[in-house]
Amino acid sequence: MDNGLEFVRKLYNGRSCYSDPLTKNEIELIHIPSGIEELLKKFINEKRIVFLTGNPGDGKTFLIKNLDNNIDDSYIIPDLNSERDLNEVVRVIQKAQLERKACIIAVNEYPLLQLLKHLKESAYDIYKEVLEQRSNSLVYDKEGFRKNGNIVVIDLNNRNLLDKDSEMANRILNKIISLIIPFANNNKNLEYNINALSNEFIKTQFLHLFDLIGVTGNHFVTRDILGTMSFILTAVLNDDSDEKLMYYDAVFEGKNNLFDSLRIFDPAFLSVPKIDEDLWNGELDDGWIIEKPKEIPALAEEESAYNIFRKIKRRFFFENKNAKDLLGLIPKEYKLYNSIFSTFGIKQERVKRDIVEGINKFFDNNDNNRDKLRIWTSLKYDQSQENKSAVSWKYVDASKLEIKIPELPAWLNGMEYTPNHFILRTKGNEKAEIEISIDFLRALEAVKDGYPVALIPTEYEYKIKNFMIKLESINVHDSYDDEVYLVNRQKGYSKCIYIKEETQTYIFNRGND
Amino acid sequence: MVDVKKDKLDLIGDNVLNRIGFTPTSNAVKPISIANGLFRRCYGEYNDISSLHEWVVREAKRSKQEVNPASIIKEKYKSIIGEVDFVTDEELNEFRTILDSIYNHDLAAYPSPEHSVLNISSRRLIRSSMQSEASIDKFLCEVLYTPVDGKVSDIIEIINNLLKDDKDDLTRLIMPIISTSTINDGKSQITKKTSAHSNENDGILTSNKLIIRKGFDLIAKNIRNAGDRYNKLIALQRIVNFSCFAVIYNLFSLNKHIYKGNVPPIFLDSGAGFSSIVKASEESFLTCKLAVEQYFYNDIEKLLRQEIYHIDSDSAMQSYIDSMRINDDGDYRRKSLVSLYQGYLNSGLKPITALARSIQFMLFTDVYAKTRTNPSEFCSALGVRTGLVGPAAQQAKRKRFLPKNFLLETLAYSVIDAVNEKEGVEVREFANRLWNTYGIMFGARYDEEYEYLTQINIASRVPGDLRGDMAMNAYYLTETYISMGHGKRYADGVATIELEV
């Protein structure tokens with residue numbers, strides 16, 4: 001094998017892909033232009049002080065190395081993590097500001113916090129601005145947050161390379177194919193993979209999986225996607241026969257975080273009985289884009305029949321025009337979640353009401369109310385006991401709640417971004433909000449549909465209770481007319497009574513419980 | 001009726017308890033009783049809660065005998081029950097069942113209102129003094145009212161402001177009952193003033209009390225800075241939770257502070273299931289309970305030295321035992337004491353030390369065992385209710401430090417300044433603070449912690465890879481904080497604990 005092919009193969013699991021040890025030529029070889037690069041060049045031209053932050057592997061070093069000729073007459077700290085004297089760094093920043101020169105500091109998230117402590121002592125204005133931009137790296141009301149001065153904080157944690165608009169997955173796929181295509185003549189399987197993933201239909205099915213992952217909230221860096229595409233295309237060249245995988249298997253068999261997310265959508269687990277039966281018996285003839293699989297699971301040895309079936313099912317997903325039926329089986333919350341960001345109005349209203357009902361049911365599993373979000377109160381001093389009961393006098397009308405989707409601040413438009421959460425919050429000046437991720441939405445939908453609350457992860461329980469506390473503390477709630485709702489969560493029943501506060505009287509039997 | 005006077009053993013025990021400042025010899029001490037005493041001393045008022053008690057307590061828990069039948073309630077309280085003639089007993093009792101689960105959440109209400117305390121959501125639920133408070137209120141108020149840097153603790157004002165507000169949802173629910181009680185012939189709830197706490201000794205706090213005070217002050221600062229965002233009921237729970245922890249911490253650490261003993265390690269198990277961690281935590285719990293006993297016998301020895309004028313001989317001790325007035329039938333207890341003393345003496349202890357240990361043993365197994373519990377078991381019972389010790393099941397033979405989430409939050413609020421440390425505190429630094437303040441460890445400083453556990457012979461009793469598991473224990477405990485929204489883990493391996501203001 002040639003070095004070029006070997007270089008690509010080593011992209012899998014990062015063996016080629018921290019920018020630090022790569023040569024300029026190698027960086028150029030795998031370079032995929034992105035919006036953030038243009039932004040950086042713009043900020044340098046504007047002589048800004050840029051804090052480029054994120055986590056290892058986010059591409060900070062790569063971005064700085066790629067700035068090339070733009071950085072003459074600028075101050076560059078390509079890796080703050082290795083700087084020992086943070087006071088000296090502060091001096092460089094102050095010097096850049098004084099001389100009106102651009103300054104770029106690449107720094108991981110936690111070391112930035114340590115730098116902030118030093119900035120607080122010596123350059124309080126810069127500290128304050130950085131802190132504020134860091135806290136508002138995503139905004140829910142673009143008009144609300146304004147940047148002061150010439151400081152810019154770019155948090156690459158928010159950069160989502162699986163952003164639909166940037167088509168990064170498609171571009172990386174095309175890049176990898178272009179690098180390995182010269183070697184395809186020597187290997188029929190490699191040629192097959194390249195041809196398949198160059199086919200429009202197959203590519204669409206393939207890239208759709210990456211679109212779905214984009215909203216899951218998992219953060220993937222360029223290195224992850226490069227490595228993933230490399231493995232998918234070249235796993236078929238592995239020496240070990242167990243690891244020799246065609247692209248349609250490799251998509252779901254790789255080992256990194258991105259592959260873990262891809263496995264959620266493994267077609268092997270999406271069942272349409274008629275299709276499964278036909279595939280098992282080798283009777284599904286129509287719709288194949290390349291060729292119908294020759295193997296028939298029903299005729300295979302027992303030990304290998306399932307593996308063959310799984311392979312054929314995966315091939316079906318990518319290479320058969322009738323595979324769209326399988327996509328319909330993907331968990332509804334993923335589709336729902338996706339749709340929140342791409343549609344407005346009715347869908348968001350429905351999701352909002354679902355969340356209201358889910359939270360109500362969290363406290364009282366008999367409560368189907370979608371119009372009023374009840375505010376529950378309880379009290380216990382003995383921490384060995386679970387909270388048994390709660391009381392609700394107040395509620396927030398659903399019309400006073402809104403869903404807001406996070407965006408990048410205006411000056412970061414151009415950076416690849418897809419929201420991985422939304423918030424439900426109160427309208428008006430006083431805000432109480434709760435952040436909803438895809439998994440949290442799934443949990444709330446499950447509770448709404450009757451799932452036992454006790455199985456909800458503690459993290460979500462805390463979020464809900466904290467939301468209740470915030471709602472209680474601000475002035476957006478309404479009171480029921482004399483109604484008080486009581487719930488005994490331990491025994492699973494609830495009751496409504498009436499208390500006339502003017503006369504201090506209980507009314508037990510007016511209205512429904 | 002024979003008035004059994006206290007004997008010498010009782011008096012010695014009382015002497016030690018007086019110096020502790022409260023009476024940790026009853027399983028009836030619950031967080032709600034500590035709350036009642038603390039709130040009453042700070043607020044300076046208490047109320048008659050007998051009417052609410054009647055509504056809440058329907059039957060005796062053990063005998064299931066009906067105590068306050070619905071028919072009686074309807075008759076007595078007809079003025080606050082609309083259309084009372086159409087209200088069925090079942091409807092009324094359904095409501096009372098929920099009241100019971102809210103106001104008797106901590107199971108401190110009994111058939112007799114004199115021994116009962118109900119859940120306290122505001123000043124209206126504070127009642128008069130009870131035995132189950134065990135003078136803990138006095139101890140806590142000494143800590144809070146002793147001026148430090150010229151000031152009493154801010155927590156007092158916070159408690160009073162929180163209690164003054166009786167418009168919370170829980171108090172509103174029972175206002176008809178407590179404000180128009182027919183027991184008082186239609187008068188409004190009886191409120192009595194009590195004298196505000198005054199320190200008999202306006203001196204300096206000892207080191208253990210100062211640590212507790214600092215914890216309260218930082219919690220007060222964090223609550224105050226949160227302003228309206230801090231929920232009243234959560235704030236009250238936080239204060240009481242820390243109060244209970246402070247009581248237990250005080251007992252565990254007295255020997256270290258007063259007699260320069262080892263730091264009793266409070267080894268928190270994250271609950272992730274590492275058997276070595278379970279074992280280490282169990283052993284550390286035993287060590288802490290032993291520290292309570294060590295304090296007792298060190299204190300008794302100090303008392304004996306004062307009484308026996310530093311004569312440390314076998315004959316002097318025997319004479320002392322003979323002279324002790326011991327309530328006894330057939331001299332059995334005296335013989336037991338002598339036998340214990342001989343055993344300790346034969347093991348190589350000095351006579352006065354041997355006697356001190358035997359008296360301590362008699363106190364814990366005989367004097368306190370009769371109807372109560374001993375101070376080390378007290379820590380176990382209260383520890384479960386505080387969320388420090390687990391498992392909660394009474395059948396669980398071996399307890400350990402298995403913290404509940406609420407207590408983990410409380411500990412964080414007592415050592416982290418949420419305003420000035422907005423960016424959070426690295427987990428290692430957090431671990432340093434917990435260790436230096438309370439002797440708490442959870443594996444974040446596994447080298448130092450393992451070394452300490454080796455030094456005090458805990459590590460040698462733990463099978464498996466304790467050192468390796470400690471790091472994982474720290475990881476999972478940090479994950480618990482993160483899942484509550486109180487932490488963040490960065491990709492370069494650093495994790496921080498952050499508190500929202």
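Computed from a predicted structure; not experimentally measured. The chains referred to below are lettered A, B, ... by the order of the sequence lines, with proteins before strands, and numbering in each begins at 1.
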CA sep, side-chain torsions, deciding dist, call: A/Phe508, B/Thr88, side-chain contact (heavy atoms from CB on, under 4.5 Å): CA-CA 9 Å; A/Phe508 287 105; B/Thr88 63; over 6 Å; no

Proximal component of B/Val494, with respect to chain A [non-hydrogen, under 4.5 Å]: side chain

Side-chain touch A/Asn387/B/His105, heavy atoms, less than 4.5 angstrom: yes

Side chain, backbone, both or neither of B/Thr386 within contact of chain A (heavy atoms, under 4.5 Å): backbone

Contact class of B/Arg238 relative to chain A, heavy atoms under 4.5 angstrom: neither

A/Asp382 bridged to B/Lys30 by N-O distance under 4.0 Å: no

Heavy-atom contact with chain A under 4.5 Å, split by part of B/Glu409: side chain

Which atoms of B/Thr496 approach chain A - backbone, side chain, both or neither, heavy atom under 4.5 Å: side chain

Of B/Glu423, B/Lys488, B/Glu426, the residue whose pairing with A/Tyr110 passes side-chain hydrogen bond (donor to acceptor under 3.5 Å, both in side chains): B/Glu426

Side chain to side chain, B/Gln237 and A/Leu379, heavy atoms closer than 4.5 Å: yes

Closest-packed option against chain A by number of heavy-atom pairs under 4.5 Å, given B/Ile482, B/Ile120, B/Leu407: B/Ile120

Heavy-atom side-chain proximity of B/Asp169 to A/Glu472 below 4.5 angstrom: yes

Note, B/Asp168 side chain near A/Thr377 side chain (heavy atom, < 4.5 Å): no

Region of A/Glu501 in contact with chain B, defined by heavy-atom distances below 4.5 Å: side chain

Segment of A/Leu116 engaging chain B (4.5 angstrom heavy-atom cut-off): neither

Heavy-atom check, side chain of B/Ile34 versus side chain of A/Tyr381, under 4.5 Å: no

Proximity of A/Tyr506 and B/Tyr77 rings by center, below 6.0 Å: no

Validation row: B/Asn241, A/Gln383 side chains within 4.5 angstrom (heavy atoms): yes

From B/Leu173, B/Thr97, B/Leu99, residue fulfilling side chain to side chain contact (heavy atoms under 4.5 Å, CB included) relative to A/Leu486: B/Leu173

Per-residue contact mode, A/Ile499 against chain B (heavy atom under 4.5 angstrom): side chain

Pick from B/Ile32, B/Leu92, B/Val87, B/Ile98 with the largest number of heavy-atom pairs that fall under 4.5 Å of chain A: B/Ile98

